Protein chains: 2
Amino acid sequence: MEKKHYTRDDMAGLLRAHDINPTHQRIEIAYALFSRQAHLSADQIMAIVNDRHSETSKATVYNTLNLFRQHKLVREVIVDPSKVFYDPNTGPHHHFYNMQSGELIDINENDVQILGTPTLPDGMVAEGAEVIIRIRPQNP
Amino acid sequence: MEKKHYTRDDMAGLLRAHDINPTHQRIEIAYALFSRQAHLSADQIMAIVNDRHSETSKATVYNTLNLFRQHKLVREVIVDPSKVFYDPNTGPHHHFYNMQSGELIDINENDVQILGTPTLPDGMVAEGAEVIIRIRPQNP
DNA sequence: CCAATGTTTGGACTTTGTCTAATTTAATAC
DNA sequence: GTATTAAATTAGACAAAGTCCAAACATTGG
């Protein structure tokens, strides 16, 4: 995964490419996620975006992240019972979850694969398959 | 998975086997989960247990489920951002998650396997690896 | 019976996320 | 440009899941 240096203009283009009207708030939120290439919670994103001046409200952060997800610009990662993480990498890959620190770490696509395609219940389609490996420090 | 007909006495034994003092509330909560062999949320468990007479408080339900988890009597399944499911089956198996209904369905251990053992970050141990396949009705 | 330890409880509290109605901003037509 | 309409943002009230705490209750051993 090459480290691209994103600008806010890049974000505008990216949003347009996903049929999203690039408003100021949306650009800032996208920039927070993509410039870091990190797994962030809504909380963290809001803190980052409003760090210097107040740029967005809580409602907009949630609205926007849901919009991004619908347009497949980001992916939700659900590993922590108390908060959702947003992942700017929508390509196929899996995650380690550090249960102690709450940190999410990518697993390279080639390092882990799902073997076997189980028959889905009737009339159902698979929306995505993911592997989560929960890890923790050896000597607690 | 054979369908055993559990009694409350069985639960007491099961709890003792896991070094848990079998109190009335704990037996009822274990019975709710094991007699149904289902994936239930804390909410649902509380509703079941208190169906006829009030048997336990909310605090006890949460305390008890956490206790069960610590003693590896049940497993947490985290797929829904808004609630945790408790699974009485602690053996190796994976899940379908019906995004529309919120229903969890077991995938037989043999139908899906994780291929490859990625190197863990330094000083870390894997606590568990699970596959989640999100599914939804074909024609929405 | 008493003390000590373990368990349960109500209720206040926290956190994440949603909802709504009002306001602001942007876009379009004229 | 100005009016009209549509889209986006906002504050703040609200909801739901889960935690916390100090008080009450139960159980056990001596």
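Note that this is a predicted model, so its numbers are computed, not measured. A note on names: the letters A, B, ... follow the listed sequences, proteins ahead of strands, and every chain is numbered from 1. The figures here come from the full heavy-atom set of this structure, side chains too, leaving out hydrogens, waters and symmetry mates.
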* Hey, can you tell me if A:Phe34 and A:Tyr6 have their rings parallel, tilted or perpendicular (30° and 60° cut-offs)? => perpendicular
* **Aromatic plane relationship, A:His39 with A:His95 - under 30° parallel, 30 to 60° tilted, over 60° perpendicular** => perpendicular
What is the distance, to the nearest angstrom, from the [atom1] atom on [X] to the [atom2] atom on [N]?
{"X": "B:Asn21", "N": "D:dT27", "atom1": "CG", "atom2": "P", "result": "10 Å"}
{"X": "A:Glu28", "N": "D:dT10", "atom1": "CD", "atom2": "P", "result": "12 Å"}
{"X": "A:Gln44", "N": "C:dT15", "atom1": "CD", "atom2": "P", "result": "15 Å"}
{"X": "A:Asp19", "N": "D:dA7", "atom1": "CG", "atom2": "P", "result": "14 Å"}
{"X": "A:Ile20", "N": "D:dT9", "atom1": "CD1", "atom2": "P", "result": "11 Å"}
{"X": "A:Lys83", "N": "C:dT18", "atom1": "NZ", "atom2": "P", "result": "15 Å"}
{"X": "A:His24", "N": "D:dT9", "atom1": "NE2", "atom2": "P", "result": "10 Å"}
{"X": "A:Leu15", "N": "D:dA7", "atom1": "CG", "atom2": "P", "result": "18 Å"}

* Asked: So, are B:Lys72 and B:Glu127 salt-bridged, with charged N and O less than 4.0 Å apart?
  -> yes
* Asked: Given D:dT9, is OP1 or OP2 found less than 4.0 Å from the side-chain N or O atoms of A:Thr23?
  -> yes
* Asked: Among A:Asp111, A:Ile114, A:Asp106, A:Val77, which residue meets the side-chain contact (heavy atoms from CB on, under 4.5 Å) test with A:His94?
  -> A:Ile114
* B:Arg134 side chain to B:Val79 main-chain N or O, any donor-acceptor pair under 3.5 Å? -> yes
* Asked: Taking for each residue the nucleotide of DNA chain C with the nearest heavy atom, is it B:Gln25 or A:Tyr86 whose nucleotide lies nearer the 5' end?
  -> B:Gln25
* Given C:dG17, D:dA8, C:dT7, the nucleotide with the shortest approach to the side chain of A:Arg26 -> D:dA8
* Members of residues 52-68 of chain A that approach DNA chain C, where some heavy atom sits under 4.0 Å away -> A:Lys58, A:Ala59, A:Tyr62, A:Asn66
* **4.5 Å side-chain heavy-atom contact, A:Lys58 and A:Met46** => yes
* To do: Can you measure from OG (B:Ser101) to CE (A:Met124) and round to the nearest 0.5 angstrom?
  => 6.5 Å
